[in-house]
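Structure first, commentary second.
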Amino acid sequence: MRSKKMTHGMEKAPHRSLFYALGNTREEMSRPLVGVCSAANEIIPGHMHLGSIAEAVKAGVRVAGGTPFEFPAIGVCDGIAMNHEGMRMSLPSREVIADSIEIMATGHPFDALVLIPNCDKIVPGMLMAMLRLNIPAILVSGGPMYAGSFKGASVDLISVFEAVGKVRAGKMNEEELEELAECACPGCGSCAGMFTANSMNCLSETIGLALPGNGTIPAPTAARLRLAKTAGMKVMELLEKNITPRSIVTKTSVANAVAVDMALGCSTNTVLHLPAVFHEAGLDLSLDIFNEVSSRVPNLCKLSPAGHHYIENLHAAGGIPAVMAQLAGAGLIDTTPMTATGLTVGENLKALKAKVTDPEVIRPMDNPYSATGGIAILHGSLAPDGAAIKQSAVLPEMRTATVRAKVFNSEEEAFEAIIGGKIVAGDAIVIRYEGPKGGPGMREMLSPTAAIAGMGLDTSVYLLTDGRFSGGTRGPAIGHISPEAAEGGPIAYVQDGDVIEVDLPNRTLHLRVDEAEMARRKAAHVPFKKELTSPFLRRYASLVTSASTGAVLRKP
């Protein structure tokens, strides 16, 4: 056991003295020591109940003969950080979370780990740490929030963001907006739609690093506590069998994750996080795999913001196992990889008797919402290294377009133009210098996209950026344009009035400016510079790589 480095032998008596100080007995020190990393805090609704999840995990560890030790992880709430400087800290926090867990699990060599996240960057950060450390480990999230109800209709956080645009357009008054804000998020859990947090929690289950039910069992339920207890017991089984994250995560697991991503219509942020997670396992995930898998895997679900179903509906319809069973039946996923249950994907599906109970929430293979998957990767003269769009949230009439650029060097400039009525049908809002390096931190653009939707412009206006979008974004929003402006990508040289051609069926994104003119613009270009007062962000900007490679940090 790794923990013997700090508990066994005559020379470790000082170490044991510190364990005694914690109230531990000799018997407890002789058992496997399990680190339980909880991201519980009082600022994120998805995390405010994680203390109870951690207690359940620890109970499960003790039942199975281990000794648990809880330690914390940080977390940024993307919804609260949205549309101000705080969003610059969100993506960088992913690396900090992974690093801090490595520090804790190396400084205190636990025999196994249970990691408890729930929101946006916390889930991938913890997955990255699991694969980096490669000791027996399991992830159990806090679960999704229930949808709210407003005037007889189901609503969520995105409803409130979009309502801001409705107020600006005179479609709603401020008193109604506040009433909506009070009921859209009814309690604990990760926000109710297929946004980034729920996307990654579902894919953690798909990859096999979390138990079935991890992505969809609602947060405020006894079933979620039972899942947490089971995770605590299962990690002891993984330890006994020496099943580690890298023995679960293989090239086959990668392909399965992307296939389920396409079927669910997950957040475009998965295009950032899956490459970063698999990178820690020594597996490269080219953006090409998203188009390749999307071409053969249909979109079976339309969850908010793409549709009117929520994670609670997905759970009631059979959850992720039901989706995987559909794909497995069509030969679109491999059922042989090992999972955190100690069984293979196929054995799990058989044991669960996985099946779809609501064919409208999870469509059958012969009646999908679309024949291709939820995400598309575009290439072309504006995005030589790629760009990402959630095509399942784009109306059919917007899948091809010729639009004219209106260019902004920050999210704030673009947002003011949108709510100020300066954007009209046929415009392509281009927001640059918001990429991983140029932001820095690659801010999400939910406020601009929600304002566009709320003002009724989402059927006629595109938004393009080297930044990224919330999983809650719907409509023709193209992000992750690479290379980014700060790296001298073509987006840096776009000017007002330039023609941009978007073709989702053919996966292309072109700037119609000839080579001679582009060369002239490059020669005369003065890069836009932002003053960075944060030493942390300056360091991050100097190390971060392109969005096309998952925005991981350069290795020393």
**Asked** So do the side chains of Phe290 and Asp261 get within less than 4.5 Å of each other, counting heavy atoms only?
**Response** yes

Result block: side-chain N/O donor-acceptor pairs under 3.5 angstrom for residues 547-556, not counting sequence neighbours:
{"unit_1": "Ser548", "atom_1": "OG", "unit_2": "Ser546", "atom_2": "OG", "d": "2.9"}
{"unit_1": "Thr549", "atom_1": "OG1", "unit_2": "Thr545", "atom_2": "OG1", "d": "3.1"}
{"unit_1": "Thr549", "atom_1": "OG1", "unit_2": "Ser546", "atom_2": "O", "d": "3.0"}
{"unit_1": "Arg554", "atom_1": "NH1", "unit_2": "Val544", "atom_2": "O", "d": "3.1"}

**Prompt:** Parallel, tilted or perpendicular: which describes the rings of Tyr493 and His525, with under 30° parallel and over 60° perpendicular?
**Reply:** perpendicular

**Message:** We want to know whether Ser190 and Asn198 form a side-chain donor-acceptor pair, criterion being a heavy-atom distance below 3.5 angstrom.
**Reply:** yes

**Asked** Quick one: does Asp427's side chain have a donor or acceptor within less than 3.5 Å of a partner on Ile429's backbone?
**Response** no

**Item:** pair Thr473-Met445: side-chain heavy atoms closer than 4.5 Å
**Value:** no

**Request:** Could you verify whether a donor N or O on one side chain and an acceptor N or O on the other, from Asp503 and Thr400, lie under 3.5 Å apart?
**Result:** no

**Request:** Evaluate the side-chain proximity of Arg468 to Leu272: yes if any heavy-atom separation is below 4.5 Å, no if none is.
**Result:** yes

**Prompt:** Just how far is it from atom CZ of Phe161 to atom CD1 of Ile158, taken to the nearest 0.5 Å?
**Reply:** 6.5 Å

**Request:** Could you check if a side-chain atom of Arg404 sits within less than 4.5 angstrom of a side-chain atom of Ile500, using non-hydrogen atoms only?
**Result:** no

**Prompt:** Side chains of Met324 and Val260: closer than 4.5 Å at any heavy-atom pair?
**Reply:** yes

**Complete:** Applying side chain to side chain contact (heavy atoms under 4.5 Å, CB included) to Thr402 and not counting sequence neighbours gives Val499, Glu501

**Item:** Nearest-0.5 Å distance that lies between atom CD in Glu413 and atom CD1 in Ile431
**Value:** 9.5 Å

**Polar side chain donor-acceptor pair, Ser267 to Ser199, under 3.5 angstrom** = no

**Prompt:** When rounded to the nearest 0.5 angstrom, what is the spacing between OG1 in Thr206 and CE in Met200?
**Reply:** 10.0 Å

**Prompt:** Looking at CD of Glu434 and CD of Glu484, how far apart are the two atoms once the value is rounded to the nearest 0.5 Å?
**Reply:** 10.0 Å

**Asked** Taking the side chain as C-beta and beyond, is there a heavy-atom pair between Met126 and Arg94 under 4.5 Å?
**Response** no

**Message:** Is it the case that the side chains of Thr508 and Asn506 hold a donor-acceptor pair, with the cut-off being a distance below 3.5 Å and no angle test?
**Reply:** no

**Prompt:** Looking at side-chain heavy atoms only, is the closest gap between Leu314 and Cys301 below 4.5 Å?
**Reply:** yes

**Prompt:** Side chains of Ser304 and Asp156: donor-acceptor distance under 3.5 Å anywhere?
**Reply:** yes

**Request:** Check the side chains of Ser90 and Asp78 for a donor-acceptor pair under 3.5 angstrom, ignoring hydrogens and angles.
**Result:** yes

**Item:** Euclidean distance, Leu264 CG relative to Cys202 SG, rounded to 0.5 Å
**Value:** 6.0 Å

**Within 45° cone of Tyr369 ring axis and under 6.0 Å: Arg363 NZ or CZ** = yes

**Prompt:** Does a side chain donor of either Glu444 or Asn269 reach within less than 3.5 Å of an acceptor in the other side chain?
**Reply:** yes

